[in-house]
Engineer: 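Right, I'll just put the structure down here and ask away after.
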2 protein chains.
Amino acid sequence: MQTVTLGGMTEDPTELLTLFTRVHKLLGAAADTAMSEHGVRVGQNLILSRLWERDGRTPGEIAAHWQVSTPTIVNTARRMEAAGLITREPDPDDARLVRLRLTDAGRAARVPVQAARRELAEHATATLTATERRHLRTALAKIIDRLSDEDGPDRRPTTTR
Amino acid sequence: MQTVTLGGMTEDPTELLTLFTRVHKLLGAAADTAMSEHGVRVGQNLILSRLWERDGRTPGEIAAHWQVSTPTIVNTARRMEAAGLITREPDPDDARLVRLRLTDAGRAARVPVQAARRELAEHATATLTATERRHLRTALAKIIDRLSDEDGPDRRPTTTR
DNA sequence: CGCTGATCGTTAGCATGCTAGTGAAATCCC
DNA sequence: GGGATTTCACTAGCATGCTAACGATCAGCG
């Protein structure tokens, strides 16, 4: 009986999935607000952070890194091109590929955006003890590993299984 | 080799926002898959769980409970009506209100859907120690409290501020 | 009684994710 | 060399969230 205690409760308010939904909504909204002040929307961080690390990546490359679908990156990249954060040029050696490159604006957003995200993370966990914060990170990583395993359709086609 | 481990990382893979994004995506996808087997999509749980608790609620009532916008509930309710899970009738006493009521199918989904969500939560946290699981719940609740405070525009219009 | 303002649902349009299907280009392999 | 396969990006269409603007209805108050 660790959790549910009420009489006719049908939905435990501390149900894990519910908690995650709410945290994600709050964190996502806060991140979007904070990042928007620097001309970047929250979903664009998927692409920007990879291009900051190394410029000229392809949509498929970025999608694979985050385990996200290619259309997600393609559509986000189109919005970012319209917003002047990146450019999209065909690869000269392989016409199937598209190279995403940072503009000056895209490069300039790096420091403030990363700072805003870091500050938000600190702010959100300000009331957690050091132990809780450490366990939170561990728990999240464990859940990701756990769900990435059987769920992941073809992550790392290692010969053996 | 849990995840990435490079030198000039610009984006810490253990960055809190990133971890939450990934957990949310994995958990949401798994929940949607599990619930879809019973004819319910993951977002519809917002409405269903409230109607299971008490039938005949209004969209605004449900939106307020979850701190979610009214259009979110309205649009989800329209899809649920099309799917045969609920009906929508105007309130006889107040023509502005819409009463959402469960159909037999909506009522029948209760047990299997709740079981599926519970099993998923257990599965996802199976590799966590009891301590980690306890701290996870605490940490999530604390983050929700923290972000709901100043962020919440008008939660509880107490006279004083 | 009737005007004004508050309340409630709806519509329109956007961002972020997804799957399925298309088409072009590169690669494999006979 | 040339047809079949694989690999890309892209498009179309959906679900889930949002804000802004609209319209209808109810409640207050003169």
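Quick note: numbers below take in every heavy atom, side chains included, and nothing from hydrogens, waters or symmetry partners. Chain letters run A, B, ... following the sequence lines, proteins first, then strands; residues in each count from 1.
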Engineer: Which residue is it: A:Asn45, A:Ile62, A:Ile73? I am looking for the one with a side-chain contact (heavy atoms from CB on, under 4.5 Å) to A:Arg50.
Structural biologist: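 Among the candidates, only A:Ile62 passes.
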
Engineer: Output one letter per nucleotide in nucleotides 24-29 of chain C: B when a protein non-hydrogen atom lies under 4.0 Å from the base, S when only the sugar-phosphate is that close, - when neither is.
Structural biologist: -BS---

Engineer: B:Arg101: what forms a salt bridge (Lys or Arg N to Asp or Glu O under 4.0 Å) with it, not counting sequence neighbours?
Structural biologist: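 Partners of B:Arg101 by the salt bridge (Lys or Arg N to Asp or Glu O under 4.0 Å) criterion, ordered by chain and then number, come out as B:Glu89.
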
Engineer: OP1 or OP2 of D:dT16 versus the side-chain N and O atoms of B:Thr72: is any pair under 4.0 Å?
Structural biologist: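 So the side chain of B:Thr72 is outside the cut-off, no N or O lying under 4.0 Å from OP1 or OP2 of D:dT16.
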
Engineer: B:Ala121: what forms a side-chain contact (heavy atoms from CB on, under 4.5 Å) with it, not counting sequence neighbours?
Structural biologist: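 side-chain contact (heavy atoms from CB on, under 4.5 Å) check on B:Ala121 returns A:Leu16.
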
Engineer: According to side-chain contact (heavy atoms from CB on, under 4.5 Å), who are the partners of B:Arg107, at least two apart in sequence or on a separate chain?
Structural biologist: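 Residues passing side-chain contact (heavy atoms from CB on, under 4.5 Å) with B:Arg107: B:Asp55, B:Leu102, B:Asp104.
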
Engineer: Please check the phosphate of D:dC18 (OP1 and OP2 only) for any side-chain N or O of B:Ser69 closer than 4.0 Å.
Structural biologist: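 Yes.
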
Engineer: Minimum heavy-atom separation for A:Lys142 to B:Thr127, with atom names?
Structural biologist: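 In terms of heavy atoms, the two residues are closest at NZ-O, 3.1 Å.
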
Engineer: Tell me which pairs pass ring pair (Phe, Tyr, Trp, His ring centres under 6.0 Å) where either residue lies in residues 22-47 of chain A, with sequence neighbours left out.
Structural biologist: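 Found A:His24-B:His24.
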
Engineer: Using heavy-atom distances to pick each residue's nearest nucleotide on DNA chain C, tell me which of B:Gly60 and A:Arg41 is more 5'.
Structural biologist: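 The answer here is B:Gly60.
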
Engineer: Residues two or more places apart in sequence or in another chain: which of them pass salt bridge (Lys or Arg N to Asp or Glu O under 4.0 Å) with B:Arg133?
Structural biologist: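 Applying salt bridge (Lys or Arg N to Asp or Glu O under 4.0 Å) to B:Arg133 gives none.
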
Engineer: Mapping B:Thr21 and B:Leu97 onto DNA chain C by nearest heavy atom, which one lands closer to the 5' end?
Structural biologist: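 The answer here is B:Leu97.
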
Engineer: Show each protein N/O and nucleotides 10-12 of chain D N/O combination with a separation under 3.5 Å, one pair to a line.
Structural biologist:
{"residue": "D:dC10", "atom": "OP1", "partner": "A:Arg88", "partner atom": "NH1", "Å": "3.4"}

Engineer: OP1, OP2 of C:dT16 versus side-chain N and O of B:Lys25: anything below 4.0 Å?
Structural biologist: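 Indeed not, no polar side-chain atom of B:Lys25 lies that close.
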
Engineer: Please name all residues satisfying side-chain hydrogen bond (donor to acceptor under 3.5 Å, both in side chains) with A:Glu81, sequence neighbours left out, ordered by chain then number.
Structural biologist: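 For A:Glu81, the residues satisfying side-chain hydrogen bond (donor to acceptor under 3.5 Å, both in side chains) (neighbours in sequence not counted) are A:Arg88.
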
Engineer: So, using salt bridge (Lys or Arg N to Asp or Glu O under 4.0 Å) as the criterion, who are the partners of B:Glu119 when residues are at least two apart?
Structural biologist: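 Partners of B:Glu119 under the salt bridge (Lys or Arg N to Asp or Glu O under 4.0 Å) test: none.
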
Engineer: B:Ile73 CD1 to D:dG17 P: how many Å, rounded?
Structural biologist: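 After rounding, the gap between these two atoms is 8 Å.
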
Engineer: When you get a sec, tell me which of C:dA15, D:dG17, C:dG17 is the closest nucleotide to the side chain of A:Leu46?
Structural biologist: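 Nucleotide nearest to A:Leu46's side chain: C:dG17.
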
Engineer: What's B:Thr58 touching, base or sugar-phosphate or nothing? Going by heavy atoms closer than 4.0 Å.
Structural biologist: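 Contact class for B:Thr58: sugar-phosphate only.
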
